[in-house]
Amino acid sequence: GKGQRCIYMLNNMDYVYQLKHHPGGFLSNIELQRGLCSLIHQYIKGYLEEYWFPLMLSYLDGDSLKKPRCSSLYKFTEEFFRICDSQMTWKVRTKLKQRLREEIVELIVPKYVSFLEALQDNPSSWLKRVCRARSEKPIYPAPHLEEVIRGLFER
């Protein structure tokens with residue numbers, strides 16, 4: 001898909017960008033470095049917009065946050081793990097891998113934490129009992145999500 005193309009391009013651009021450390025390489029030109037940097041930034045944004053923005057906006061933000069429901073949480077969790085599973089084996093260069101994980105963590109984890117808090121503060125505390133009764137699905141603590149994200153592109 002589009003996201004995989006983004007990663008493919010990013011891997012290549014990252015490779016070229018790392019060549020800036022080679023003396024006399026064509027990337028010793030600062031303008032070129034800057035251009036490539038901003039291109040890399042755009043592609044990272046493209047990747048995030050393909051996979052992670054929709055996930056966050058659909059389940060953790062906006063109306064979902066105003067009226068937090070367990071069902072949103074479960075759908076988010078399901079979708080989150082589906083995306084992570086499908087991307088575990090993607091080959092991503094080391095520095096780029098770290099940067100992508102960082103960006104995903106910063107995008108998802110704070111929103112997830114806010115959502116969990118909103119869910120707990122929901123005045124209808126029967127909601128939580130219903131949640132618990134209706135489903136054996138676990139509610140994951142935020143650090144667990146972060147750990148999963150930091151394992152992306154590994155296997």
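The basis for the numbers below is simple: all heavy atoms, side chains too, and nothing from hydrogens, waters or symmetry mates.
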If the threshold is 4.0 Å, N to carboxylate O, is there a salt bridge linking [X] and [Y]?
X	Y	answer
D63	K66	yes
E78	K75	no
R150	E102	yes

Please report the interatomic distance [atom1]([X]) to [atom2]([Y]), rounded to the nearest 0.5 Å.
X	Y	atom1	atom2	value
C6	M13	SG	CE	8.0 Å
M9	Y43	CE	OH	4.0 Å
L107	F53	CG	CZ	5.0 Å
E79	M56	CD	CE	14.0 Å
T89	Q87	OG1	CD	9.0 Å

Minimum heavy-atom distance between [X] and [Y], given as atom pair plus value:
X	Y	value
V148	M88	O-CE, 3.9 Å
A142	V113	CB-CG2, 3.5 Å
K91	I7	O-CG2, 4.1 Å
S64	S72	OG-OG, 4.0 Å
P68	L65	CD-O, 3.4 Å
L57	D61	CD2-OD2, 3.7 Å

Backbone N or O of [Y] within a donor-acceptor pair of the [X] side chain at under 3.5 Å?
X	Y	answer
N11	R93	yes
S58	L55	no
D14	K95	no

Compare all side-chain heavy atoms of [X] with those of [Y] and state whether any distance is below 4.5 angstrom.
X	Y	result
L100	L152	no
R99	R101	no
I149	F80	yes

Mind telling me whether Y47 and Y51 have parallel, tilted or perpendicular rings, with 30° and 60° as the class edges?
-> tilted
When you look at NE2 of H144, are more than 12 heavy atoms from neighbouring residues, nucleotides or ligands closer to it than 6.0 Å?
-> yes
Walk me through it: do L145 and T77 pass the test side chain to side chain contact (heavy atoms under 4.5 Å, CB included)?
-> CA-CA 9 Å; L145 258 62; T77 305; 5.9 Å; no
With ring centroids as reference points, do F115 and F76 lie under 6.0 angstrom apart?
-> no
Would F81 and Y140 satisfy ring-ring contact (aromatic ring centres under 6.0 Å, His included), going step by step from the backbone distance to the final call?
-> CA-CA 11 Å; F81 284 111; Y140 296 94; 5.0 Å; yes
Can you check side chain to side chain contact (heavy atoms under 4.5 Å, CB included) on Y59 and L73, steps first, answer last?
-> CA-CA 7 Å; Y59 305 116; L73 184 65; over 6 Å; no
